[in-house]
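As the structure lists them, so they are numbered: ligands from 1, and atoms in each ligand from 1. We're numbering straight along the sequence, starting at 1.
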Amino acid sequence: MAFERVGFIGLGRMGRPMARNLLRAGYRLVVYDRRPEAMAPLLEAGAEAAGGPLELARASDLVITMLPGDAEVLEVCAGQDGVCQGLRSGAVLVDMGTNHPDTARTLARAAARAGADFLDAPVSGGDVGAEQATLTIMVGGEAGVFERVRPVFEVLGRHVFHVGPVGMGQVFKLCNNLISAVQMVAVAEAFAVGRKFGADPGLLRQVIMVSSGRSPAVENRPPVPGILPEAPASREYAPGFTTELMAKDVGNFLRLAEAGKVPVPASALARQLYLMALGSGYGPKDYSVIGELFRGWAGL
Ligand code: NAD
């Protein structure tokens, strides 16, 4: 194996199953999460614990982060006692969370100061994709570094793409998530109006699934409890992918569009709707909870 010891930081809904898949593939793994209860199942499965990011970096020749957002990954990697202070020369830091491309470039500079390389490698496919190792992985960075890490990516995902220099993985990922974000708003509106006029929501989903409105939002996240048992709506909107994280991604997409002076009105509206959902206390719920706002406004 090209990497003797892999460090993994951020063992949440995505990171935990991804780290488990690396263990199963035979990698020696050292893990860290600020919540000890997130680390416990991996330690039972054979991973070693690190006391913090610095200790983890000193013990690893590849470090993977899967943290919530820009602030967390910058603190954990580029902050005081962070990963970049402990990275060995020749090591690789890979951020697999979804963040702004500027964050990727900042991390690449911090890694370079330690003589290490950096890749941004955000993923799509959700917690199910993380568990089943069917993620799509979008990688930004130097081609040679990508090739070194490719075998690790192939353990975690099914579709692995090198999409350009550092930061481009995040550009691709933000474009993808923007579509999911806007699509979910459209589905929430359609189900609110349909139900207001008496449509049976299960039948509405069934019809749309074989019509032109078919989309992952309709397939996996119909925003009405009871019509699809495995959908977040049928489990009190347990995530999945939280509203907080979706609001972050749409915010980063808007910053990107603004920097390029590209008008993106649908995204701006979606961002406001996700902020309204946060304001209603829905931050920790799956982002399909946006349907609850429309249900209320429709008087259903
Ligand atoms: P999560 O909140 O479930 O997990 C994040 C983990 O990071 C938690 O275990 C938390 O304790 C840990 N953490 C936070 N701050 C820390 C710190 N300072 N030091 C150490 N550990 C810290 O989030 P998630 O759903 O696993 O998402 C992780 C990333 O993956 C995000 O960037 C998200 O946008 C992206 N993503 C999520 C999904 C999804 O469906 N959930 C899909 C694709 C991409």
Side-chain angles (χ1 to χ4, degrees), residues 7-21 30-43 47 49-57 63-83 94-101 103-104 107 120-139 156-159 169-170 172-181 184 216-217 220-221 230-232 237-253 274 283-289:
F8 205 112
I9 307 182
L11 305 165
R13 262 175 292 280
M14 297 295 287
R16 194 178 325 141
M18 290 166 72
R20 205 179 294 120
N21 286 336
V30 48
V31 295
Y32 175 69
D33 192 290
R34 68 178 171 194
R35 293 180 302 127
E37 69 272 22
M39 291 171 66
L42 285 154
L43 302 184
L54 181 65
E55 188 185 316
L56 177 139
V63 175
I64 297 176
T65 49
M66 199 56 182
L67 294 157
D70 303 272
E72 292 85 359
V73 74
L74 286 170
E75 181 205 319
V76 165
C77 292
Q80 183 75 23
D81 294 330
V83 166
V94 181
D95 179 27
M96 300 193 77
T98 307
N99 293 303
H100 194 280
T103 296
L107 294 174
D120 49 305
V123 305
S124 182
D127 51 348
V128 175
E131 264 159 44
Q132 298 178 350
T134 54
L135 294 169
T136 294
I137 307 180
M138 313 163 207
V139 188
L156 299 172
R158 180 179 290 161
H159 303 286
Q170 299 295 0
F172 275 65
K173 171 63 180 167
L174 291 177
C175 291
N176 176 77
N177 274 29
L178 191 276
I179 293 172
S180 303
M184 194 64 243
N220 305 319
R221 288 186 154 88
E230 61 271 31
Y237 292 96
F241 184 54
T242 64
T243 304
E244 231 153 26
L245 292 178
M246 184 55 106
K248 166 204 64 157
D249 291 353
V250 182
N252 274 340
F253 181 85
Y274 287 107
K285 300 281 187 188
D286 187 82
Y287 73 100
S288 53
V289 76

**Report entry** Rounded distance (nearest 0.5 Å) linking atom OG1 of Thr242 with atom NZ of Lys248
**Finding:** 8.0 Å
Requested in this report: Give the C-alpha distance, both sets of side-chain angles, the deciding distance and a yes or no for side-chain contact (heavy atoms from CB on, under 4.5 Å) between Leu56 and Val63.
Outcome: CA-CA 8 Å; Leu56 177 139; Val63 175; 3.8 Å; yes
Query raised in the report: Is Glu55 reaching over with its side chain to a backbone N or O of Gly51, donor-acceptor style, under 3.5 angstrom?
Result: yes
Query - Protein contact of atom 21 (N) of ligand 1 - nearest heavy atom, named by residue and atom, plus distance - result: Arg34 N, 3.2 Å
Query raised in the report: Short question: side chain of Tyr274, backbone of Ala181 - any donor-acceptor pair under 3.5 Å?
Result: yes
Query raised in the report: Which heavy-atom pair separates Ala130 from Met18 by the least distance, and what is that distance?
Result: CB-CG, 4.0 Å
Query raised in the report: Closest non-hydrogen protein atom to atom 30 (O) of ligand 1, residue and atom name please, with distance?
Result: Met66 CE, 3.1 Å
Requested in this report: Considering the heavy atoms of Glu72, write down every atom of ligand 1 situated less than 4.0 Å from one of them.
Outcome: 15 (N)
Report task. Keeping the roles fixed (side chain from Asp127, backbone from Arg13), state whether a donor-acceptor pair exists under 3.5 Å. Result -> no
Requested in this report: Do me a favour and list the nearest non-hydrogen protein atom to atom 12 (C) of ligand 1 with residue, atom name and distance?
Outcome: Asp33 OD2, 3.2 Å
Query raised in the report: Do ligand 1 and Phe241 have nitrogen or oxygen atoms that lie under 3.5 Å from each other?
Result: no
Query raised in the report: With distance as the sole criterion, is a donor-acceptor pair present between the side chains of Asn177 and Asn252 under 3.5 Å?
Result: no
Report task. Please state whether Met96 comes within less than 4.0 angstrom of ligand 1, counting heavy atoms only. Result -> no
Report task. Look at atom 37 (C) of ligand 1 and say which protein heavy atom is nearest, naming residue and atom and giving the distance to 0.1 Å. Result -> Met14 CG, 3.5 Å
Report task. Tell me, yes or no, whether the heavy-atom count around Phe172 atom CZ, taken from other residues, nucleotides or ligands under 6.0 Å, exceeds 12. Result -> no
Query - Sidechain-backbone polar pair: Gln170 side chain, Met138 backbone, donor-acceptor under 3.5 Å - result: no
Query - Proximity of Leu11 to ligand 1 by residue part, where a heavy atom lies under 4.0 Å - result: backbone
**Report entry** Under 3.5 Å: N/O of Tyr32 near N/O of ligand 1
**Finding:** no
Report task. Applying side-chain contact (heavy atoms from CB on, under 4.5 Å), run through Val123 and Leu156 and close with a yes or a no. Result -> CA-CA 10 Å; Val123 305; Leu156 299 172; over 6 Å; no
Query - For the student: nearest non-hydrogen atoms of Ser124 and Asn176, plus distance - result: OG-ND2, 3.7 Å
Query raised in the report: Is it the side chain, the backbone, both or neither of Leu245 that has a heavy atom closer than 4.0 Å to ligand 1?
Result: side chain
Requested in this report: Using a strict 4.0 Å cut-off to heavy atoms of Val123, name the atoms of ligand 1 that fall inside it.
Outcome: 43 (C), 44 (C)
Report task. Take every heavy atom of Ser124, measure it against each atom of ligand 1, and state whether any distance is under 4.0 Å. Result -> no
Requested in this report: Output the list of atoms in ligand 1 that are nearer than 4.0 Å to some heavy atom of Lys248, sorted by atom number.
Outcome: 31 (C), 32 (O), 33 (C), 34 (O)
Report task. Could you tell me whether the side chain of Asp70 and the main chain of Thr103 form a donor-acceptor pair under 3.5 Å? Result -> no
Report task. List the closest protein heavy-atom neighbour of atom 2 (O) of ligand 1: residue, atom name, distance to the nearest 0.1 Å. Result -> Arg13 NH2, 4.1 Å
Query raised in the report: For atom 28 (C) of ligand 1, what's the nearest protein heavy atom and its distance?
Result: Leu67 O, 3.7 Å
Report task. Give yes if a backbone or side-chain nitrogen or oxygen of Gly240 is under 3.5 Å from a nitrogen or oxygen of ligand 1, and no if not. Result -> yes
Report summary line: min-distance protein heavy atom vs atom 35 (C) of ligand 1 -> Thr98 OG1, 3.7 Å
Requested in this report: Any atoms of ligand 1 less than 4.0 Å from a non-hydrogen atom of Val76? List them with their elements.
Outcome: 17 (C), 18 (N), 19 (N)
Report task. Mark yes or no for whether Glu72, through its side chain, and Gly69, through its backbone, hold a donor-acceptor pair below 3.5 Å. Result -> yes
Report task. Return the residue, atom name and 0.1 Å-rounded distance of the protein heavy atom closest to atom 40 (O) of ligand 1. Result -> Gly126 CA, 3.4 Å
**Report entry** Sub-4.0 Å atoms of ligand 1 with respect to non-hydrogen atoms of Gly10
**Finding:** 7 (O)
Query raised in the report: What do you reckon, does Gly69 put a non-hydrogen atom under 4.0 Å from ligand 1?
Result: no
